[in-house]
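Quick note: residue numbers are just sequence positions, from 1.
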Amino acid sequence: SLLRAVTSFSLIIAYQNIASGVASTIHFMYPLAVALAMMFFFREKKSLLVILAVLMSLLGAALLSLGELEAKSGNTMVGLVAACVSVFSYAGYIVGVRTTRAVQINSTALTCYVMGLGTIFYLIGAYCTSGLQLVSDGYTWLIILGLALPATAISNITLVQAIKYAGPTLTSILGAMEPLTAVVIGVFVFKELFTVNALLEFTNLVGSKHSSVSQAKILNDIINKKAVYHTDKQLFIDEPLVGFEPTTPRLQITCSGQLS
């Protein structure tokens with residue numbers, strides 16, 4: 001819950017200080033942070049494709065510094081730091097859901113706990129700073145409702161479900177196209193600049209995710225086509241498995257097959 005709250009807070013700061021498309025594109029480097037965390041801390045199989053994806057994303061992030069970063073007003077450095085903080089806090093949240101006992105909690109209940117504790121964190125923060133300001137405008141309440149339900153609650157419920165069944169790495173990778181929405185809205189709604197450097201940066205980041213998706217597709221084919229997969233031991237799969245992540249050797253598997 002703390003990691004989720006930090007993610008939301010840092011993203012708000014980033015959006016206030018740099019272009020929304022840039023902030024969102026930096027934030028959506030979190031699949032790489034998830035992949036690296038799973039490989040180096042949770043014994044997930046290392047992959048050349050994932051390493052290639054990391055290098056491409058770093059190149060995309062470097063191209064960001066050559067483009068137009070500023071929003072209409074704000075501190076560019078503060079915005080960049082806040083966006084980077086959101087990368088690691090959200091990656092920590094995704095990894096934490098799968099690798100702790102939180103994975104045993106119902107997705108809706110877990111979302112309720114996370115959002116409820118997050119509310120308490122924000123109330124404490126408001127009390128320690130400028131206080132809580134209630135909104136009286138009906139139109140503003142509709143905007144808040146739109147952010148609260150489809151953009152936060154529903155997306156978090158489905159995210160937790162995906163983490164449970166597909167694993168942290170694949171779940172984060174499949175969210176790779178979300179920055180496109182932010183970039184398009186930033187350009188056409190908020191009149192933000194879309195330079196050649198921004199295009200190259202976006203292409204590198206999406207390309208890096210595509211490399212990881214290709215690897216994920218191979219693993220999915222192994223499962224669905226009932227192929228043989230080798231880990232520390234040899235698993236002969238007779239039936240397709242739901243929620244099986246072959247890159248996690250420690251995962252206990254129950255299936256109607258032979259294990260030798």
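- With values rounded to the nearest 0.5 angstrom, Tyr30 atom OH is found 11.5 Å from Tyr93 atom OH.
- Hydrophobic clustering (side-chain heavy atoms under 4.5 Å, transitive across Ile, Leu, Val, Met, Phe, Trp, Tyr) groups Leu2 together with Ile124.
- Of all heavy-atom pairs spanning Val87 and Ile26, the tightest one is CG2-O, 3.1 Å.
- With sequence neighbours excluded, no residue satisfies side-chain hydrogen bond (donor to acceptor under 3.5 Å, both in side chains) with Ser1.
- Annotation for Ile13 and Ala82: closest pair CG2-CB, 3.8 Å, computed over non-hydrogen atoms.
- Of the possible polar contacts, none joining the Thr152 side chain to the Leu149 backbone as a donor-acceptor pair under 3.5 Å is found.
- Minimum heavy-atom separation, Lys164 to Arg98: O-NH1, 3.7 Å.
- In the hydrophobic clustering of ILVMFWY residues, with side-chain heavy atoms under 4.5 Å counting as a link, Val97 and Phe42 come out together.
- Legend: side-chain hydrogen bond (donor to acceptor under 3.5 Å, both in side chains) pairs involving residues 113-137, not counting sequence neighbours, sorted by first then second residue: Asp137-Thr140.
- Alongside Ile12, the hydrophobic cluster contains no other residue (criterion: ILVMFWY side chains under 4.5 Å).
- Of all heavy-atom pairs spanning Ala162 and Thr171, the tightest one is O-OG1, 3.1 Å.
- Taking each heavy atom of Gly79 and Ala14 in turn, the nearest pair found is O-CB, 3.6 Å.
- Smallest separation of non-hydrogen atoms from Ala151 and Leu147: CB-O, 3.4 Å.
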Evaluation steps, side-chain contact (heavy atoms from CB on, under 4.5 Å), between Phe88 and Val6
CA-CA 10 Å; Phe88 296 102; Val6 169; over 6 Å; no

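- Tracing side-chain contacts under 4.5 Å through hydrophobic residues (I, L, V, M, F, W, Y), one never reaches Val85 starting from Val34; they form parts of separate clusters.
- Apart from Ile157 itself, the hydrophobic cluster it occupies contains nothing, where clustering links Ile, Leu, Val, Met, Phe, Trp and Tyr at side-chain heavy-atom distances under 4.5 Å.
- Residues passing the side-chain contact (heavy atoms from CB on, under 4.5 Å) test with Thr7 are Leu11, His27, Ser86, Ser89, Tyr90, sequence neighbours excluded.
- Going from atom CD1 of Ile154 over to atom CG of Asn156 covers 11.0 Å, rounded to the nearest 0.5 Å.
- In terms of hydrophobic clustering, with Ile, Leu, Val, Met, Phe, Trp and Tyr side chains grouped at heavy-atom distances under 4.5 Å, Met115 and Ile94 are assigned to different clusters.
- At most 12 non-hydrogen atoms from other residues, nucleotides or ligands lie less than 6.0 angstrom from CZ of Phe9.
- Applying the side-chain hydrogen bond (donor to acceptor under 3.5 Å, both in side chains) test to Ser10 and every residue at least two apart in sequence or in another chain returns nothing.
- Atom CZ of Phe41 sits about 9.0 Å away from atom CG of Leu36, to the nearest 0.5 Å.
- Screening Leu80, Thr76, Asn75 for a side-chain contact (heavy atoms from CB on, under 4.5 Å) involving Val78 leaves a single residue, Asn75.
- Residues Leu117 and Leu3 are members of separate hydrophobic clusters, defined by side-chain heavy-atom contacts under 4.5 angstrom among Ile, Leu, Val, Met, Phe, Trp and Tyr.
- Side-chain atoms of Tyr165 and Val160, non-hydrogen and from C-beta on, never get closer than 4.5 Å to each other.
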